[in-house]
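Worksheet: one structure, shown below.
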Amino acid sequence: MGVMLTDTTLRDAHQSLIATRMRTRDMLPIVEELDKLGFFSLEVWGGATFDSCIRFLNEDPWERLRSIKAKAKNTKLQMLLRGQNLVGYRHYADDAVKEFVRLACKNGVDVFRIFDALNDIRNMELSIAEVKKNGGHAQGGISYTTSPVHTVEGFADMAKTLEEKGCDSICIKDMAGLISPKIATDLVTAIKAKVSIPISLHSHCSSGMAPMSYQAAAEAGISILDTAFTAFSWGTSQPPTESVAAAFKDTPYDTGLDLAKLFEIGEYFLGVRNKYKSLLQEETLRPSINVLLHQVPGGMISNLINQLKEQNAVHRLPEVLEELPKVRADLGYPPLVTPSSQVLGIQAVLNVLMGKRYKMVTQEVKNYLHGQYGQPPAPMNEEVRKEIIGDKDIITCRPADLLEPEMEKNKAEADKLGINKSDEDLMTYTLYPRVAVQFFNGELKEEVLAGEEEAPAK
Ligand code: CO
């Protein structure tokens, strides 16, 4: 049977290494070649790409999806969907979730990797059901993390529930690259004992263990592994597509991918990397086992560094990375992945810069303490919670049950603003009301890369 690869170069890899800045025009020339190879899927959309497209690149993410789809006739396109948070940072009402999934399917997404930052399945149920309804492949993501309350058996139980909810496959989503070969063996074995659908492993090289863990996962019977072309691999990104394919050649895990073709495509991406080299940061390029302590995922490290740079406090990164696990314990050990990584990351920065913990608390942390993100894996620190928000308005239901339908209201607003030209535009407005207005009014400009006089004309 072999192992199949999902190539993440056009999504997670550039999100992890160059702050999600790869332009569509650097993707399109190679999509037909990628499409011919025989990947399980190409991850090209979702996560931070939607936001970054508009905000920094002045590109329409829907247009990107359609233009990639037009060149990828054989290979499934994959996106990363944050459950009820879609590609945003808050819970959207159910009608928005339904409409988003419908449009993503219509514009070309085949495989939806759906996860929730707290592993609260109630936040994933609706998107799973809607993907199935629209004929898509629903991949249930387990946000992998380590803590005193997380166990291999617990993750395997979650996989079982996701299968029962209708998922077509399971993804062990190791966004921070924490999985050791031993855990990969145990986890894949435990999940395989409970579910019959294929399992994929998504990891990052952040701690340096991912290639070894991939080998272990293959030996334990994994079906799919996530990799990225070498120019955008290693560091806080995925293991290299070319090397994993080469390592498995002529073994029971053979990916069936043509190494010579992989090398050719790899050369193309080296050229692309060169163009973006000013965005590469030393800290994200080399592995560090410190990630095992602070658990910050790839994309988040570069955000934290940028955030600290703005405050002229980049030298305090080690303190922030030390504070983060403490904030995490206070909040019930959530996995660190969007949006929880941002929510906790910003609070950890504040706790360090203010000189006193929780002297200043973000609205997001308050919302979290109220239960608005869902149920964390373990109880929160009640003392901290009481101190910050008191006892009132704690919710225990599925957070989206409290949200009124929003699409009618959004449509009325978008109509009034004269920016409701299509269902896709309305969805963009729903996701990012402020930036969307600037975008549709032509007020946003493509960021200029170091070494460029100005952004080339589209
Ligand atoms: Co990732």
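From a predicted model like this one, the values you see are computed outputs, not experimental measurements. Ligands are counted one by one from 1 in listed order, and the atoms in each one are counted from 1 as well.
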Legend entry - Opening angle at the Co ion (ligand 1) [OD2, Asp12; NE2, His204; to 10 degrees]: 90°
Legend entry - Presence of salt bridge, Glu153 and Lys194, under 4.0 angstrom: yes
Legend entry - Asp35 side-chain N/O to Thr75 backbone N/O, donor-acceptor pair under 3.5 Å: yes
Inset, instruction - Could you tell me whether Lys261 and Glu264 make a salt bridge, using a distance below 4.0 angstrom between a side-chain N and a carboxylate O? - result: no
Inset, instruction - Check whether any N, O or S atom of Asp174, backbone or side chain, sits closer than 2.8 Å to the Co ion (ligand 1). - result: no
Legend entry - Arg82 to Tyr89, cation-pi by 6.0 Å centre distance and 45° axis angle: yes
Inset, instruction - Output the atom name for the N/O/S atom of His202 with the smallest distance to the Co ion (ligand 1). - result: NE2
